[in-house]
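What follows is a single structure, written as structure tokens, with notes after it.
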Amino acid sequence: MGPFGGLHRPERRPHGVLPGTFTRMHPSSTRRHCDSSHAQARQRGSLCVDPDSPTRLLRCAQRDRCRECGNSVEWYHRVRDRLIRLHPWELPVAEVPTDYRWHVSSGLAHPAGDGSAWCHVAHAVVCPARDATSVIAPALTGLRRALAVNTRRLTDAGAFIPVAVSDRPAEQQDACRPARPVVQILYVRYLTARSVDEIQCVAQTRRRDRCTRTVLAPDGPAGVWTLVPATATRGQLALPAEVMALYDLSSLPYAEQLRWRTQRCPQHATTPTAADLALTDWEPFDPLVHQAYVNPRLPTHGRRPHPDGEARKAVRR
């Protein structure tokens, strides 16, 4: 990783400039120094992502909006590649209880204080869309109320629409399709943040916004749904005999699985120098921690009504 994080400044070539690497400022004939000599503009180098960089993110704290309340949050990595949503602004340590303090060190979030006078707070503690804890500090209560007012303002302006499970069509509710499925990539299981067909590309476009394409290409290879045992890992206690639905990508080529792991669409998979504007949705799956997301049934495309269903209802009546 270079001195600019995941970015590096390309070296200047003595015999010319590569196209698209530098931006040449054309000197204007009207610009002159005080001694009437022509002002010569120097070449200005642009930054690009180092192909050998372990990350393509432009910053460690990725800004996002909470899907439940619409307020701003920042994503940070924890140990073992786990993610946590923190409130964007720091709070005084004296106003935050010890159990709710977080600090960021070297780009990683730690659930404790660092000895300074300021600390971070997890967004789940002050999210107005969730139930408040029984014991909470007055400062966090005031912050929660302020976020609730902002949520109402965004809702009234039409800038935020809360997503609820009951708002989905009846066909999707009866399809047994998990909202957060378990996906196996390169023989590693991950828990996604959304359904498989809604996983969005994280690459940055030329307009400096996030790509709107999905990772699942409509005309490309796809994985298969299968039932596998929900086994424990990392020396944990064995779970009862239980199976879960798994979206397996192990049969795809290595390059295709790597594209899924980096969460890029087929168009941006061929541009390794494009930056990422968001964190990937892959969370290492733990059968004990993510027990609520274990689905023992395979997803279907929908349940077909029985042709004699109406006649059966009439007979029962």
Side-chain angles (χ1 to χ4, degrees), residues 57-77 83-92 95-96 100 102 104 109 118-134 136-173 175 177-181 191-216 263-265 267-268 274-283 293:
L57 294 173
L58 300 181
R59 52 178 298 181
C60 61
Q62 291 298 312
R63 284 294 184 99
D64 196 4
R65 288 190 176 272
C66 177
R67 301 181 62 183
E68 301 176 1
C69 66
N71 291 286
S72 299
V73 297
E74 288 184 350
W75 287 96
Y76 284 92
H77 276 285
L83 300 176
I84 181 67
R85 296 183 303 173
L86 299 182
H87 188 65
W89 301 284
E90 292 183 322
L91 300 177
E95 300 179 358
V96 180
Y100 298 102
W102 287 78
V104 178
W118 300 88
C119 65
H120 289 272
V121 177
H123 176 75
V125 178
V126 295
C127 181
R130 299 190 178 186
D131 297 335
T133 56
S134 57
I136 191 170
L140 300 183
T141 304
L143 178 58
R144 179 186 175 88
R145 293 176 180 175
L147 295 179
V149 173
N150 189 39
T151 301
R152 177 60 62 88
R153 186 183 299 111
L154 295 175
T155 304
D156 295 342
F160 169 70
I161 300 178
V163 179
V165 180
S166 58
D167 297 338
R168 293 183 300 175
E171 307 85 46
Q172 297 183 6
Q173 296 181 9
R177 185 173 296 273
R180 299 188 62 183
L191 180 68
T192 64
R194 62 200 75 236
S195 59
V196 176
D197 53 352
E198 295 178 355
I199 299 177
Q200 185 181 351
C201 178
V202 298
Q204 181 184 25
T205 62
R206 294 183 178 179
R207 297 182 179 181
R208 296 186 178 183
D209 53 0
R210 183 174 177 178
C211 177
T212 58
R213 302 185 185 94
T214 57
V215 180
L216 181 60
Q263 196 170 330
R264 293 211 165 195
C265 62
Q267 289 75 11
H268 285 103
D276 290 350
L277 291 185
L279 294 172
T280 58
D281 295 331
W282 311 116
E283 181 179 356
Y293 301 102

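No experiment lies behind these values; they were computed from the predicted model shown.
- Contact record, Pro181 with Val196: CG-CG2, 3.7 Å, taken as the closest heavy-atom pair.
- Distance CG/Asn150 to CZ/Phe160: 10.5 Å, rounded to 0.5 Å.
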Which is it for Thr205 and Thr212 under the side-chain contact (heavy atoms from CB on, under 4.5 Å) test, yes or no, and what are the steps along the way?
CA-CA 9 Å; Thr205 62; Thr212 58; over 6 Å; no
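- Between atom CZ of residue Arg152 and atom CG of residue Leu147 there is a gap of 14.0 Å, rounded to the nearest 0.5 Å.
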Tell me, with the steps shown, if Trp102 and Val96 meet side-chain contact (heavy atoms from CB on, under 4.5 Å).
CA-CA 10 Å; Trp102 287 78; Val96 180; over 6 Å; no
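- Side-chain atoms of Thr192 never come within 3.5 Å of backbone atoms of Asp281 as a donor-acceptor pair (strictly under, hydrogens ignored).
- Annotation: Arg194, atom CZ; neighbour count of heavy atoms from other residues, nucleotides and ligands within 6.0 Å is above 12.
- When atom types are taken as modelled, the side chain of Arg180 and the backbone of Ser195 share no donor-acceptor pair closer than 3.5 angstrom.
- Across all non-hydrogen atoms, the minimal contact from Leu154 to Gly70 is CD1-O, 3.5 Å.
- Nearest heavy atom pair, residue Ala274 against residue Gln204, reads CB-O, 4.2 Å.
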Would Arg264 and Asp276 count as a side-chain contact (heavy atoms from CB on, under 4.5 Å) here? Give the steps.
CA-CA 9 Å; Arg264 293 211 165 195; Asp276 290 350; 2.6 Å; yes
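- Side-chain contact check for Arg210 versus Val202: some heavy-atom pair is nearer than 4.5 Å.
- Here Trp118 pairs with nothing under the ring-ring contact (aromatic ring centres under 6.0 Å, His included) rule; sequence neighbours left out.
- Atom CD of Glu90 and atom NE2 of His120 lie 4.0 Å apart (nearest 0.5 Å).
- Within the model, atoms CH2 of Trp75 and CG of Leu86 stand 10.0 Å from one another, a figure rounded to the nearest 0.5 Å.
- Pairing each heavy atom of Pro128 with each of Arg144, the nearest pair is O-NH2, 3.7 Å.
- For the residue pair Asn71/Thr151, the side-chain donor-acceptor check at 3.5 Å is satisfied.
- Arg67 and Ala193 get closest at one heavy-atom pair: NH1-O, 3.5 Å.
- For the pair Leu277/Arg208, no side-chain contact is recorded, criterion being any heavy-atom separation below 4.5 Å from C-beta on.
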Full working for side-chain contact (heavy atoms from CB on, under 4.5 Å) between Arg65 and Ser72
CA-CA 5 Å; Arg65 288 190 176 272; Ser72 299; 4.3 Å; yes
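- Every side-chain hydrogen bond (donor to acceptor under 3.5 Å, both in side chains) that Arg130 has, sequence neighbours left out, goes to Glu68.
- Put simply, the side chain of Gln267 does not reach to within 4.5 Å of the side chain of Cys211, judged on heavy atoms.
- Here the straight-line distance linking atom SG of Cys127 with atom CG of Leu143 works out to 11.0 Å at 0.5 Å rounding.
- Ion pairing of Glu74 with Arg85 is absent here, as no side-chain N (NZ or NE/NH1/NH2) approaches a carboxylate O to less than 4.0 Å.
- Taking the side chain as every heavy atom from C-beta outward, Leu91 and Leu140 approach each other to under 4.5 Å.
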